[in-house]
Number of protein chains: 2
Amino acid sequence: MAAWGAEAPPRPGPRPRLSIGDLAKAGVALADELGLEAVTMAKVADRVGFTPMSLYRYVGSKDELIQLMFDEMGRDLGVSAERAHGWRDGLESLAHALADRYTEHPWAVDVPIAGVPTMPSQVAVMEYGLELLVPEGLEPGEALGVLQLVAGFVRSHSALVRDITRAATPGAALSPFSAASSRLADLVDPAVMPRVAEAARLGLLSPPAPDSAAADEELDDLRFGLDRILDGVEVFIERRHTGQV
Amino acid sequence: MAAWGAEAPPRPGPRPRLSIGDLAKAGVALADELGLEAVTMAKVADRVGFTPMSLYRYVGSKDELIQLMFDEMGRDLGVSAERAHGWRDGLESLAHALADRYTEHPWAVDVPIAGVPTMPSQVAVMEYGLELLVPEGLEPGEALGVLQLVAGFVRSHSALVRDITRAATPGAALSPFSAASSRLADLVDPAVMPRVAEAARLGLLSPPAPDSAAADEELDDLRFGLDRILDGVEVFIERRHTGQV
DNA sequence: TCTATCTGTGTATACCATACTCAATAACTG
DNA sequence: CAGTTATTGAGTATGGTATACACAGATAGA
């Protein structure tokens, strides 16, 4: 796979003027500025000073380019198992590092998950997680399951945060569906769905006011879910240590 | 919002020959047969015996149609809080019902998450979850957090299962990336990533052989993640009951 | 120097979402 | 019952999209 950067032996013909990484970086920059839907072969080509069709010398399809962009944005998370104070601290660092990346690159939550993780940055996360969890007695398969749990939660949480942020940002194009969330209290029949109606009344289903506390709330939500997951993992590790499972 | 089916008062002009639900159902059927990328306005129109442009009398955009399809596929999960034996059993039933739906409609994991859940089927899930968890002492916001955890996990797990299944199915169009997973063992340098290399050697990163045990493995993985989450929630509920939090 | 091979370009195609216009339709008004 | 008017579904058109294909120039090895 190209993303793993096998070194090319000397060949006849002109040397490529780009690398796959250049292409991925250009795509990331474009998506950062204008969103994922703005990433077209033509615009990426323009950004690197190429014609659209030349990109196909580097990637087999646009989908492949998108996957490379996702890998690019997940590189070098700055976590290391040696520096972590135990598995729990390590997983928390990972979760926050991932969440930060999603915040920096909001489009990344729109990139479809393409099968079992095989891109370098994802594999690096796997190695990290295995280093944290296998010494605690987890089987590799179990450790990967925990990792999937954490990474998946951060992703879905980040997606929610992004959409809420977008809906609460005046001037942003809000879909007809996010627009409806503020009216959800009117749509839900309290007789049929009393608890949702109450939650809507409490404002839990509307975008929060864009005050300074919004970021804190998002962080709280991340922590809440993460704490539940890690509590569950802790229970499992305890049981494994005491031979109950 | 149209999906909530406000009844139309008598109006001049021809009566609409379709309903939004018809359109959503047609889209679902199409996606079931040919995948989400096959869902185009033209093909859906063809299926209901309309011209492409007529669909815009019912939906504002293709994205809106896709959201309606997602709502359609999540309707009537067949769970009820009254029938559940406690919150944990109730959440397990929900998770399995959702997983079954994703299995029946694999394209659903490709539907982008559009903000805070506001579609009827999603709101029904919310009501269900609140009924299960609020009596245990959780705040509505906490209960929604737990629900997001469960639903998000089932979704990401289902995505993985679908991609693995697709990769293991001979004849299916497998992306260059899923194709690479079988070669991951060759790509990873054991000196740099010893634990991933070992996991690859154990076959944990390759699609499983398409034997009869595959379905069981998938179910095991679902159970594993779900058990961790619910263990974590259980710890939280215990603490709440004993006033620790 | 010759040759095989690779790069980036130019051109062309098929598909797609969707804007705009219009004739036919059917409820409401008198 | 006749006229008015809003609405439906069809027809036509447009701009953007990914990508197939063929070619001219460039370059490393013989």
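Naming: A, B, ... by sequence-line order, numbering from 1 per chain. Quick caveat, the model's predicted, so the values are computed rather than measured.
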Which of D/dT19, C/dT18, C/dG8 is nearest the side chain of A/S54? It is C/dG8
Could you check how far CZ of A/R17 sits from P of C/dC6, rounded to whole Å?
-> 18 Å
The side chain of B/P14 lies closest to which of these nucleotides: D/dT8, D/dT27, D/dA18?
-> D/dT8
5'-most contact on DNA chain C (nearest-nucleotide basis), B/E37 vs B/P12, goes to B/E37
Ignoring backbone atoms, test whether A/Y58 places a side-chain nitrogen or oxygen under 4.0 Å from the OP1 or OP2 oxygen of C/dG8.
-> yes
Separation of C/dC20 atom C1' from B/L55 atom CG, nearest Å, is 17 Å
Which of these nucleotides, C/dT18, C/dA27, C/dG8, is closest to any side-chain atom of B/R15?
-> C/dA27
Are A/E33 and A/K43 within salt-bridge range, i.e. N to O under 4.0 Å?
-> no
Do the non-hydrogen side-chain atoms of B/W4 and A/V188 ever get within less than 4.5 Å of each other?
-> yes
About how many Å separate CZ of A/F70 and CD1 of A/I66, when rounded to the nearest 0.5 Å?
-> 11.5 Å
When A/F50 and B/R11 are each assigned the nearest nucleotide of DNA chain C, the 5'-most assignment goes to A/F50
Below 4.0 angstrom from OP1 or OP2 of C/dC16, is there any side-chain N or O of B/K43?
-> yes
Start at the 5' end of DNA chain D and walk down; is the nucleotide closest to A/T40 or to A/R57 reached first?
-> A/T40
Take the protein atom CD1 of A/I66 and the nucleotide atom P of D/dT19, then report the distance between them rounded to whole Å.
-> 10 Å
Can you check the A/M53 CE to C/dT9 C1' distance for me, whole Å?
-> 10 Å
Rounding to a whole Å, what distance do you find between A/E64:CD and D/dT19:P?
-> 10 Å
Reckon A/T51 has a side-chain N or O less than 4.0 Å from the OP1 or OP2 of C/dG8?
-> no
Rounded to the nearest Å, what distance is computed from the OH atom of residue B/Y56 to the P atom of nucleotide C/dA19?
-> 7 Å
Does the side chain of B/D22 come under 3.5 Å of the side chain of B/S19 through a donor N or O and an acceptor N or O?
-> yes
Parallel, tilted or perpendicular: which describes the rings of A/H157 and A/F153, with under 30° parallel and over 60° perpendicular?
-> tilted
Quickly work out the B/K62 NZ to C/dC15 C1' distance and round it to whole Å.
-> 11 Å
A/L18 CG to C/dT7 P, in whole Å, measures 11 Å
